[in-house]
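Sequence lines set the chain letters: A, B, ... in the order given, protein chains first and strands last, and positions in each chain run from 1. Predicted model, so just to flag it, every value in this text is computed and none were measured.
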Amino acid sequence: MSVVQSIRSAAAAAIKALYEQTIPAKDIAINTTKPEFEGEYTVLVFPFTKFSRLKPEETADQLGKYLVEHNPDLVAGYNVIKGFLNLQICEQYWAQYLQQHFNNRNIGKKPSNGKKVMVEYSSPNTNKPLHLGHLRNNFLGYSIAEILKANGYDVIKANLVNDRGIHICKSMLAWQLFAHGDTPESTGIKGDHLVGDYYVKFETILKEQTEPIIARALENDFKDFQGTDLERIEKLVTLFHKPEIKADEEKHAKLNDEIKELSRKQTEIMQQAQIMLQQWEAGNHEVRTLWSTMNGWVYKGFDETYKRLGIDFDKMYYESETYLLGKDLVEEGLAKGVLFKKPDNSIWIDLTADGLDEKLLLRGDGTSVYMTQDLGTARLKYDDYQMEQSIYVVADEQNYHFKVLQLILKKLQEPCADGIFHLSYGMVELPHGRMKSREGTVVDADDLIDETITAAAEQTANSGKLDDMPEEDLQTLHKMLGIGAMKFFLLRVDPKKRMVFDPKESIELHGFTSVFVQYAHARIKSILREVAPNADKLEGYCHKGSLLPLEKELILLNEQYDSVLEEALKEMSPSVIANYVFQLAQQFNSFYAEKVEGKYTYSVQDAETPEKQKLRTQIVMLTARTIAKSMKLLGIDVPERM
RNA sequence: GGACCGGUAGCUCAGCUGGAUAGAGCAGCUGCCUUCUAAGCAGCAGGUCAUUGGUUCGAAUCCAAUCCGGUUCACCA
């Protein structure tokens, strides 16, 4: 039981004894005591005044007295300021906690709760290399999986690869037309980048071919359009030229987009891509072969990137294998009367009663849409693992989609429905706005990794502390620091929030960064190397004397690790861990550096007594463990030296 | 227009199950390396917590309205 829990239950018992009132222990509000007051934890007594019928000060005083008398192992003393009851926790309590945990390898780890959870994350398209946005997703997914594991869950990390569809055909077609048989081997270009280059090539050609079509359409020359597209473009252009529409900037821009989109459809290259997609669906041998070859290049590239990032998966799903799923569910839903058919044979669900819209699930021609396959895949995952919870790490632009997905599954009475959880995260923006591929502002993941590692290498060389380190170890260290910096930078912000990614700041290695935390860890290890020879019999040692302020503070912070771990799970937010571990490192650095008249207050090596040395050795060992554990939850390793 | 999310220091973010004088980092300014790692420490300065009203002993935190920004409401994925 944590200190806070102990205080809560002691306070609940006290209130029962004093005022004959039963309050659930968890409802008692406890804060850490502000540094300017004496004590470690503070009970807010305002809520109790209604049954004590006393002033807040008097209530606090009664409660404090009772707690000290009845909990001699926990509460050593108290002071009252207004309705705040500041408690001083027994120094023995901290010393015992320290003795029990300083060498605990599994600190904070909860025993298995037998519950299975799937975390789906990463889920890339195979037409382009990974970019900054994917990094936030990957780091989040990995970290959440670690946090779940530490809280006792059995976790399946899944990756649903979007390996088919029109966007893949675009890369394939452009490669066919322009690559002259180039391969990653022949060009030396990483597979995912090579394929991405042809996607870009496709878009360039598409733009060239689209422009004259738009220009003609705006001059009322519609020879590029046929059938229903012809009808639509005529309407759109007529509207587009109306003065009242021109005046409404937003509407005008929207119309402009629609005209552009419709024009893109008419280009030769887009139509070729569409044909290729049909051929792929029909199982055309040549197309399928090209598809597997190019996807193979991409996977090899992705694997390399995943490996550098230290990210892995237990289960791969491929959309090419799941995109036809979901039709059975739709048929069943139709039979149950949950879904309905429109005159054109398309199948829908009506969610208007739930404040949403009607949603299409099968087109009139019987082909499925995104939602259909997600329904089917949800069932497939559940059939595979029967997990209690299925977490989707997906950007917040799909909030509506997941709301609808869960609702439909509920209406279809699928057993997986209740466990669906959309871990929605905000977009990563650059200081000047969103990344836009058309403006070439997309930050490539591989480039970014290289840059941060290089920055770490430069910094290490500048410090000159590790000139004796073998080259191989240095490279491991640079990677640890560089990748850690990226992960920390992207995880330290609450996932729900949009965040600004400043490339300059991301390679910054001072302040609220992983490097700061890693440095604190390396310092501790350095201390431990020095004192190791005379650090015997630590296991049985429980400090008896009094504790200096920062000794106590550090133990206290370490003790909070458990509840921080629970909090991170509850909030589904690694940022809770990042903030905590930074605070812990900060606290350690103060402990490390405090100096009075040229002498370190908390020196371990030159401690004033052998007892103090043992105590401080235990404290720094515990701190190093907590730092390492916390960072591990973020997917970040910590060095012995740096 | 409907729905959802956000607005806290010059910048990036904590704090939000209501509680003490709203905190970090960066940037700016002062000090501190003969000492267990200065990738550090100590300090200064910086705030109408978007606005207005309400609930309360007490509001950055809860409620309502307004303003600003974002996302979404596709037979795209």
Side-chain angles (χ1 to χ4, degrees), chain A residues 26-27 29 31 33-34 36-37 42 44-47 49 56 81-84 86 123 125 162 164-167 261 319 323 342 344 346-348 355-365 367-371 373-374 395-401 403-404 424 426-427 429 431 434 456 459-460 462-463 465-466 481 489 492-494 496-502 504-505 508-513 515-520 522-531 575-576 578-579 582-583 585-586 588-595 598-600 602-607 616 620 641-642:
Chain A
K26 63 177 175 54
D27 291 350
N31 293 343
T33 304
K34 296 241 167 201
E36 54 269 36
F37 303 111
T42 297
L44 303 179
V45 302
F46 296 97
T49 51
I81 296 178
K82 291 191 274 182
F84 300 92
N86 301 323
S123 306
N125 295 342
N162 185 346
R164 50 133 252 134
I166 190 68
H167 48 293
E261 200 48 48
E319 269 197 33
Y323 82 108
K342 285 199 177 177
D344 67 348
S346 58
I347 299 178
W348 297 70
L356 305 174
D357 304 286
E358 288 186 349
K359 185 80 192 175
L360 174 91
L361 296 180
L362 272 185
R363 296 188 185 105
D365 62 6
T367 56
S368 54
V369 292
Y370 178 43
M371 185 59 77
Q373 45 172 300
D374 259 11
D396 64 5
E397 55 190 353
Q398 295 199 41
N399 284 356
Y400 182 77
H401 174 77
K403 209 168 162 183
V404 171
S424 163
M427 293 288 176
E429 290 177 12
R434 285 184 73 162
Q459 184 68 248
T460 306
N462 286 344
S463 84
K465 289 179 201 166
L466 300 177
L481 298 177
F489 192 89
R492 69 187 196 186
V493 179
D494 184 338
K496 289 192 293 293
K497 294 199 175 173
R498 259 186 294 146
M499 67 175 293
V500 175
F501 181 90
D502 186 339
K504 282 203 295 282
E505 202 186 328
E508 182 57 54
L509 306 173
H510 303 274
F512 187 17
T513 63
V515 172
F516 181 94
V517 180
Q518 287 165 322
Y519 184 62
R523 276 178 149 181
I524 295 177
K525 289 296 173 167
S526 169
I527 294 174
L528 292 175
R529 279 191 295 272
E530 296 295 330
V531 299
S575 70
V576 173
N579 280 289
F582 176 68
Q583 198 192 343
Q586 251 181 338
F588 166 75
N589 277 332
S590 301
F591 172 92
Y592 181 88
E594 189 173 305
K595 208 163 36 166
K599 191 179 180 321
Y600 285 115
Y602 298 98
S603 175
V604 181
Q605 200 175 8
D606 297 323
R616 288 182 196 149
V620 300
R641 291 179 63 195
M642 65 183 273

Checklist line | Sugar-phosphate, base or nothing in reach of Thr460(A), heavy atoms under 4.0 Å | finding: base
Note to self: Would you measure the distance from the P atom in C13(B) across to the matching atom in G70(B) and give it in whole Å?
What the structure shows: 16 Å
Item checked: Any donor-acceptor N or O pair under 3.5 Å, side chains Ser424(A), Asn399(A) -> yes
Note to self: Let's go through Phe591(A) and Gln586(A) carefully: what are the C-alpha distance in whole Å and the side-chain angles of both, what is the deciding distance for side-chain contact (heavy atoms from CB on, under 4.5 Å) to 0.1 Å, and is it a yes or a no?
What the structure shows: CA-CA 9 Å; Phe591(A) 172 92; Gln586(A) 251 181 338; over 6 Å; no
Notebook entry, point to check: Base, backbone or nothing for each nucleotide of nucleotides 57-63 of chain B, written B, S, -, heavy atoms under 4.0 angstrom, 5' to 3'?
Noted result: -------
Note to self: Is the phosphate of G7(B) approached by Lys497(A) (side-chain N or O, under 4.0 Å from OP1 or OP2)?
What the structure shows: yes
Note to self: On a heavy-atom basis, which atom in Asp502(A) and which in Phe489(A) lie closest, and how many Å separate them?
What the structure shows: N-CZ, 4.1 Å
Checklist line | Closest approach of Pro431(A) to Phe501(A) (non-hydrogen atoms, all atoms of both residues) | finding: CD-O, 3.1 Å
Check: So what does Val493(A) hit on the nucleic acid, given a heavy-atom distance under 4.0 Å: a base, only sugar-phosphate, or nothing?
Finding: sugar-phosphate
Next item on the list: Determine the minimum heavy-atom distance between Arg492(A) and Ala578(A), stating which atoms define it.
Entry: CA-CB, 3.8 Å
Check: What class does the angle between the rings of Phe46(A) and Phe84(A) fall in, given that below 30° is parallel, 30 to 60° is tilted and above 60° is perpendicular?
Finding: perpendicular
Next item on the list: For G1(B) and C63(B), measure between their C1' atoms and round to the nearest Å.
Entry: 25 Å
Next item on the list: Please state how far atom CZ in Arg641(A) lies from atom P in C36(B), giving the value in whole angstrom units.
Entry: 15 Å
Note to self: In this structure, how many angstroms lie between the C1' atom of A14(B) and the CG atom of Asp494(A), rounded?
What the structure shows: 10 Å
Next item on the list: In sequence, state the C-alpha distance, the side-chain angles, and the governing distance for Val369(A) and Arg363(A), and then conclude on side-chain contact (heavy atoms from CB on, under 4.5 Å).
Entry: CA-CA 7 Å; Val369(A) 292; Arg363(A) 296 188 185 105; 4.0 Å; yes
Notebook entry, point to check: For the residue pair Leu362(A) and Ser368(A), what are the closest heavy atoms and their distance?
Noted result: CD2-CA, 3.7 Å
Next item on the list: Could you classify C33(B) for me, syn or anti, using a glycosidic angle within 90° of 0 as syn?
Entry: syn
Checklist line | Side chain of Tyr592(A) - closest among G40(B), A39(B), C36(B) | finding: C36(B)
Next item on the list: Using the C1' atoms only, state how far G47(B) lies from A60(B), rounded to an integer number of Å.
Entry: 11 Å
Item checked: Nearest non-hydrogen partners of Val404(A) and Met371(A), listed with the distance -> CG1-CE, 3.5 Å
Next item on the list: Kindly confirm whether the side-chain ring of Phe37(A) is stacked on the base of A20(B), judged by centres under 5.5 Å and planes under 30°.
Entry: yes
Notebook entry, point to check: CG of Asn579(A) versus P of C13(B): gap in Å, rounded?
Noted result: 13 Å
Next item on the list: State which of G40(B), C36(B), U12(B) makes the closest approach to the side chain of Phe516(A).
Entry: G40(B)
Taking only nitrogen or oxygen atoms into account, show me every contact under 3.5 Å that the protein makes with nucleotides 32-35 of chain B, one pair per line with its distance.
residue, atom, partner, partner atom, Å
U35(B), O2, Gly598(A), O, 3.1
U35(B), N3, Gly598(A), O, 3.1
U35(B), O4, Lys595(A), NZ, 2.6

Dump the pairs, protein N or O against N or O of nucleotides 24-28 of chain B, anything under 3.5 Å, distances to one decimal.
residue, atom, partner, partner atom, Å
A24(B), O3', Gln586(A), NE2, 3.3
G25(B), O2', Phe512(A), N, 3.1

Notebook entry, point to check: How is Val604(A) classified with respect to the nucleic acid when contacts are heavy atoms under 4.0 Å: base, sugar-phosphate, or nothing?
Noted result: base
Next item on the list: Could you check how far NZ of Lys496(A) sits from C1' of C5(B), rounded to whole Å?
Entry: 10 Å
Checklist line | Atom-pair distance (NZ on Lys34(A); C1' on U21(B)), nearest Å | finding: 7 Å
Margin query: From CZ of Phe591(A) over to P of G40(B), roughly how many Å is that when rounded to an integer?
Written below: 19 Å
Notebook entry, point to check: Please give, in whole Å, the distance from A38(B) P to Met642(A) CE?
Noted result: 12 Å
Next item on the list: Could you give the distance separating G15(B) and A50(B) at their P atoms, to the nearest angstrom?
Entry: 15 Å
Margin query: Walk me through whether Arg498(A) and Glu429(A) qualify under side-chain contact (heavy atoms from CB on, under 4.5 Å).
Written below: CA-CA 7 Å; Arg498(A) 259 186 294 146; Glu429(A) 290 177 12; 3.2 Å; yes
Check: Has Arg616(A) got its NZ or CZ under 6.0 Å from the middle of the six-membered ring of Tyr602(A), at an angle within 45 degrees of the ring axis?
Finding: no
Checklist line | Same-atom distance (C1') from A59(B) to U48(B), integer angstrom | finding: 15 Å
Next item on the list: Verify whether one side chain among Tyr323(A) and Asn162(A) offers a donor that lies under 3.5 Å from an acceptor in the other.
Entry: no
Check: How would nucleotides 69-77 of chain B be written as a contact map, 5' to 3', with B for base contact, S for sugar-phosphate-only contact and - for no contact, using protein heavy atoms under 4.0 Å?
Finding: BSSSS-BSB
Note to self: For the P atoms, the ones on U61(B) and on A22(B), what distance do you get once it is rounded to whole angstrom?
What the structure shows: 14 Å
Check: How would you label the contact of Ser590(A) with the nucleic acid (heavy atoms, under 4.0 Å): base, sugar-phosphate, or nothing?
Finding: sugar-phosphate
Next item on the list: List the atom of Leu481(A), the atom of Val515(A), and the distance in Å for their closest heavy-atom pair.
Entry: O-CG2, 4.4 Å
Give every pair of a protein N or O atom and an N or O atom of nucleotides 44-46 of chain B that lie under 3.5 Å apart, one pair per line with the distance.
none

Margin query: Whether the side chain of Asn31(A) engages the backbone of Thr33(A) through a donor-acceptor N/O pair (distance < 3.5 Å, no angle test) should be reported.
Written below: no
Notebook entry, point to check: Quick one: stems for RNA chain B, with Watson-Crick or G-U pairs under 3.5 Å, at least three in a row?
Noted result: B:1-7 with B:67-73, B:10-13 with B:23-26, B:28-32 with B:40-44, B:50-54 with B:62-66
Next item on the list: Just compare A20(B), A39(B), C36(B) and give me whichever is closest to any side-chain atom of Phe84(A).
Entry: A20(B)
Margin query: With nearest nucleotide decided by heavy atoms, which residue, Ser575(A) or Glu36(A), maps closer to the 5′ end of RNA chain B?
Written below: Ser575(A)
Check: With a distance cut-off below 6.0 Å to the six-membered ring centre and an angular limit of 45° from the axis, does Lys342(A) pair with Trp348(A) as a cation-pi contact?
Finding: yes
Note to self: Between P on A38(B) and CG on Asn589(A), what's the gap in Å once rounded to a whole number?
What the structure shows: 9 Å
Note to self: Applying a 4.0 Å non-hydrogen cut-off, can you work out what Leu481(A) is touching in the nucleic acid: base, sugar-phosphate, or nothing?
What the structure shows: base
Item checked: Separation between the P atoms of G10(B) and C5(B), rounded to whole Å -> 28 Å
Check: Do Gln398(A) and Tyr370(A) meet the criterion of a side-chain donor-acceptor pair at a distance under 3.5 Å?
Finding: yes
Next item on the list: Please measure how far the P atom in G7(B) lies from the corresponding atom in C16(B), and state the result in whole Å.
Entry: 13 Å
Note to self: Any donor-acceptor pair, under 3.5 Å, between the side chain of Asn86(A) and the base of A20(B), if you only look at N and O atoms?
What the structure shows: yes
Margin query: Does Thr42(A) contact A20(B) through a side-chain donor or acceptor facing the base, at a distance under 3.5 Å?
Written below: yes
Next item on the list: Determine, stepwise, if the pair Ile81(A) / Asn86(A) fulfils side-chain contact (heavy atoms from CB on, under 4.5 Å).
Entry: CA-CA 8 Å; Ile81(A) 296 178; Asn86(A) 301 323; 4.2 Å; yes
Next item on the list: Tell me whether the guanidinium CZ or amine NZ of Arg523(A) lies under 6.0 angstrom from the six-membered ring centre of Tyr519(A) and within 45° of its axis.
Entry: no
